[in-house]
Number of protein chains: 2
Amino acid sequence: MCDKLKNLKNNEFKIALLLSQKILSAKELQNLINVDKATIYRNIKNLLKKEIIREIKNSNGVGFYELNCKIHNPIHPHFECIICNKIYCLKALNSEDVLALSNYSPFEIKEIEVKFKGICNECKK
Amino acid sequence: MCDKLKNLKNNEFKIALLLSQKILSAKELQNLINVDKATIYRNIKNLLKKEIIREIKNSNGVGFYELNCKIHNPIHPHFECIICNKIYCLKALNSEDVLALSNYSPFEIKEIEVKFKGICNECKK
DNA sequence: ATAGAATTTGCAACTTAATTGCAAATTTGA
DNA sequence: TCAAATTTGCAATTAAGTTGCAAATTCTAT
Ligand SMILES: [Mn+2]
Ligand SMILES: [Mn+2]
Ligand SMILES: [Zn+2]
Ligand SMILES: [Zn+2]
């Protein structure tokens with residue numbers, strides 16, 4: 001089990017465990033563990049502050065969450081389907097490509113987000 | 001004047017003209033031209049549908065808009081300040097870097113979004 | 001095991017960006 | 001100039017996310 005899940009208890013643990021398997025929205029999490037949405041959002045906020053999970057927003061402003069672990073889940077680009085707005089996780093950029101991108105910023109970079117948009121295979125059928 | 005502004009009238013024209021100068025949010029637009037927010041949002045939606053403007057969302061889910069013209073304003077990466085959430089427009093990626101990025105997607109790409117996050121010069125002071 | 005303290009939860013009200021129905025106002029064009 | 005078409009303002013609504021507060025749960029020390 002990923003170290004990020006150590007020392008977590010109650011719903012914070014349940015949520016982090018689910019997110020270690022798959023990127024999920026708050027609503028999807030709520031359908032999996034039966035608790036109030038306030039509890040879901042509070043736990044998400046705590047996990048974000050502890051940097052145990054990270055957030056990816058889709059074009060509708062809906063947050064999706066995944067485990068934030070360099071080893072088990074390094075930061076990577078995402079693909080968003082413009083039909084169903086599902087978020088797909090892609091393989092991480094190699095260091096040369098990250099370097100090439102970072103040259104475009106005149107300010108010091110804390111984080112790089114790359115998102116592709118198009119129509120996913122499910123929605124093409 | 002950019003061709004994208006031709007054949008536009010009323011508030012659609014006013015909004016597109018302002019956005020041809022500078023990226024702005026709906027609220028910022030409303031402070032510049034004195035109309036109801038419903039009018040602002042309806043015109044924004046029409047301009048997006050006509051592909052005259054494009055939308056960039058900040059991490060708070062607030063939409064920012066800019067002229068969508070290959071010649072006058074090619075698609076480019078953005079920098080978002082994690083303190084003030086202001087969006088800065090950066091210079092466009094060159095074609096080699098776009099090509100390198102597009103290799104990461106297993107699905108056909110309609111659009112690539114690159115966003116850097118960090119602290120802007122204003123907020124560093 | 002038990003009691004008190006600390007943490008977590010559910011509920012309901014709230015915030016904010018964005019959307020929508022509808023009637024009034026404005027614009028268009030024959 | 002006048003009727004039709006488009007655009008607008010207003011108010012109500014939607015949806016994601018937040019917050020205050022009291023009740024429930026969990027933790028810790030005896
Ligand atoms: Mn991912
Ligand atoms: Mn821009
Ligand atoms: Zn899809
Ligand atoms: Zn700033």
Side-chain angles (χ1 to χ4, degrees), chain A residues 5-19 23-50 52-66 68 78 80-87 113 115, chain B residues 5-19 23-50 52-66 68 78 80-87 113 115:
Chain A
L5 300 178
K6 298 271 159 77
N7 308 320
L8 296 180
K9 35 180 192 150
N10 306 329
N11 287 316
E12 244 178 71
F13 176 77
K14 286 188 198 170
I15 289 172
L17 185 62
L18 287 167
L19 296 183
I23 189 169
L24 292 167
S25 66
K27 196 172 280 176
E28 289 170 325
L29 281 166
Q30 210 192 341
N31 291 336
L32 293 169
I33 59 178
N34 201 35
V35 288
D36 192 78
K37 67 171 176 168
T39 302
I40 295 281
Y41 282 116
R42 269 188 294 238
N43 280 301
I44 284 174
K45 246 194 168 183
N46 293 340
L47 291 166
L48 284 170
K49 195 173 299 168
K50 294 180 191 170
I52 288 162
I53 62 171
R54 67 178 86 101
E55 183 182 58
I56 296 94
K57 291 221 177 193
N58 77 4
S59 302
N60 297 335
V62 178
F64 288 74
Y65 306 92
E66 64 186 7
N68 181 23
H78 291 94
E80 178 179 347
C81 176
I82 58 175
I83 306 292
C84 66
N85 291 109
K86 195 173 176 315
I87 299 281
E113 274 182 27
K115 185 153 87 184
Chain B
L5 300 178
K6 300 271 160 79
N7 308 320
L8 296 179
K9 33 176 197 154
N10 306 329
N11 288 315
E12 244 178 71
F13 175 77
K14 287 188 197 171
I15 289 172
L17 184 61
L18 288 167
L19 297 183
I23 188 169
L24 293 166
S25 66
K27 196 172 281 175
E28 290 170 323
L29 281 166
Q30 211 193 339
N31 292 335
L32 293 171
I33 59 178
N34 201 35
V35 288
D36 192 76
K37 65 173 176 167
T39 302
I40 295 282
Y41 281 116
R42 268 187 295 237
N43 280 301
I44 284 173
K45 244 194 169 183
N46 293 341
L47 291 167
L48 285 169
K49 195 173 298 167
K50 294 179 191 169
I52 288 162
I53 62 171
R54 66 179 88 100
E55 182 184 58
I56 297 94
K57 290 220 176 194
N58 76 4
S59 302
N60 297 335
V62 179
F64 288 74
Y65 306 91
E66 63 186 9
N68 182 23
H78 291 92
E80 178 180 345
C81 175
I82 58 175
I83 305 292
C84 66
N85 291 110
K86 194 172 177 316
I87 298 279
E113 272 181 28
K115 185 153 87 182

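Residue numbers begin at 1 in each chain, while the letters A, B, ... track the order of the sequences. Note that this is a predicted model, so its numbers are computed, not measured.
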Residue-phosphate contact under 4.0 Å: A:Asn11 side-chain N/O, C:dT8 OP1/OP2: no
Donor-acceptor side-chain pairing of A:Asn58 and A:Asn85 below 3.5 angstrom: no
Nucleotide D:dT26, atom P - distance to CD of A:Glu12 in whole Å: 14 Å
Under-4.0 Å side-chain N/O to phosphate OP1/OP2 contact, B:Thr39 with D:dT7: no
Tabulate atom names and distances for all N/O pairs under 3.5 angstrom spanning the protein and nucleotides 20-29 of chain C.
{"from": "C:dG21", "atom 1": "O6", "to": "B:Arg42", "atom 2": "NH1", "distance (Å)": "3.2"}

Sugar-phosphate only, base, or nothing, as touched by A:Asn43 at under 4.0 Å among non-hydrogen atoms: sugar-phosphate
Residues which pass salt bridge (Lys or Arg N to Asp or Glu O under 4.0 Å) with A:Lys6, listed by chain and number, not counting sequence neighbours: A:Asp3
Gap between atom CD1 of A:Ile40 and atom CD1 of A:Ile15 - 0.5 Å precision: 4.5 Å
Integer-rounded Å distance: D:dA16 P and A:Gln30 CD: 11 Å
Would you list the atom pairs, donor with acceptor, under 3.5 Å between side chains in residues 24-36 of chain B and any protein atom, with sequence neighbours excluded?
{"from": "B:Ser25", "atom 1": "OG", "to": "B:Glu28", "atom 2": "N", "distance (Å)": "3.2"}
{"from": "B:Ser25", "atom 1": "OG", "to": "B:Glu28", "atom 2": "OE1", "distance (Å)": "3.3"}
{"from": "B:Glu28", "atom 1": "OE1", "to": "B:Ser25", "atom 2": "N", "distance (Å)": "2.8"}
{"from": "B:Gln30", "atom 1": "NE2", "to": "B:Val35", "atom 2": "O", "distance (Å)": "3.3"}
{"from": "B:Asn31", "atom 1": "ND2", "to": "B:Lys27", "atom 2": "O", "distance (Å)": "3.4"}
{"from": "B:Asp36", "atom 1": "OD2", "to": "B:Ala38", "atom 2": "N", "distance (Å)": "2.9"}

Phosphate-side-chain proximity, B:Asn34 and D:dG9, N/O vs OP1/OP2 below 4.0 Å: no
Non-neighbouring partners of B:Lys115 that pass salt bridge (Lys or Arg N to Asp or Glu O under 4.0 Å), sequence neighbours left out: B:Glu80
Name of the residue among B:Asn68, B:Leu8, B:Asn46 meeting side-chain contact (heavy atoms from CB on, under 4.5 Å) with B:Ile52: B:Leu8
For atom NZ of B:Lys57 and atom P of D:dG17, their distance in whole Å: 11 Å
Strand DNA chain C as a dot-bracket string - pairs counted if Watson-Crick or G-U with both distances under 3.5 Å, | where the partner lies in another strand: ||||||||||||||||||||||||||||||
Between C:dA17 (P) and B:Leu48 (CG): distance, integer Å: 17 Å
Side-chain heavy-atom pair A:Ile23, A:His78 within 4.5 angstrom cut-off: yes
Listed partners of B:Arg42 passing salt bridge (Lys or Arg N to Asp or Glu O under 4.0 Å), at least two apart: none
Side-chain N or O of A:Lys37 closer than 4.0 Å to phosphate OP1/OP2 of D:dA16: no
Spacing between B:Asn58 atom CG and D:dG17 atom P, to the nearest angstrom: 14 Å
Length of the line joining B:Ile33:CD1 and D:dT7:P, which is rounded to integer Å: 14 Å
d(CD1, A:Ile15; P, C:dT8) in whole Å: 12 Å
Euclidean distance, atom NZ of residue A:Lys14 to atom P of C:dT8 [Å, nearest integer]: 14 Å
Euclidean distance, B:Glu12 CD relative to B:Ile53 CD1, rounded to 0.5 Å: 9.0 Å
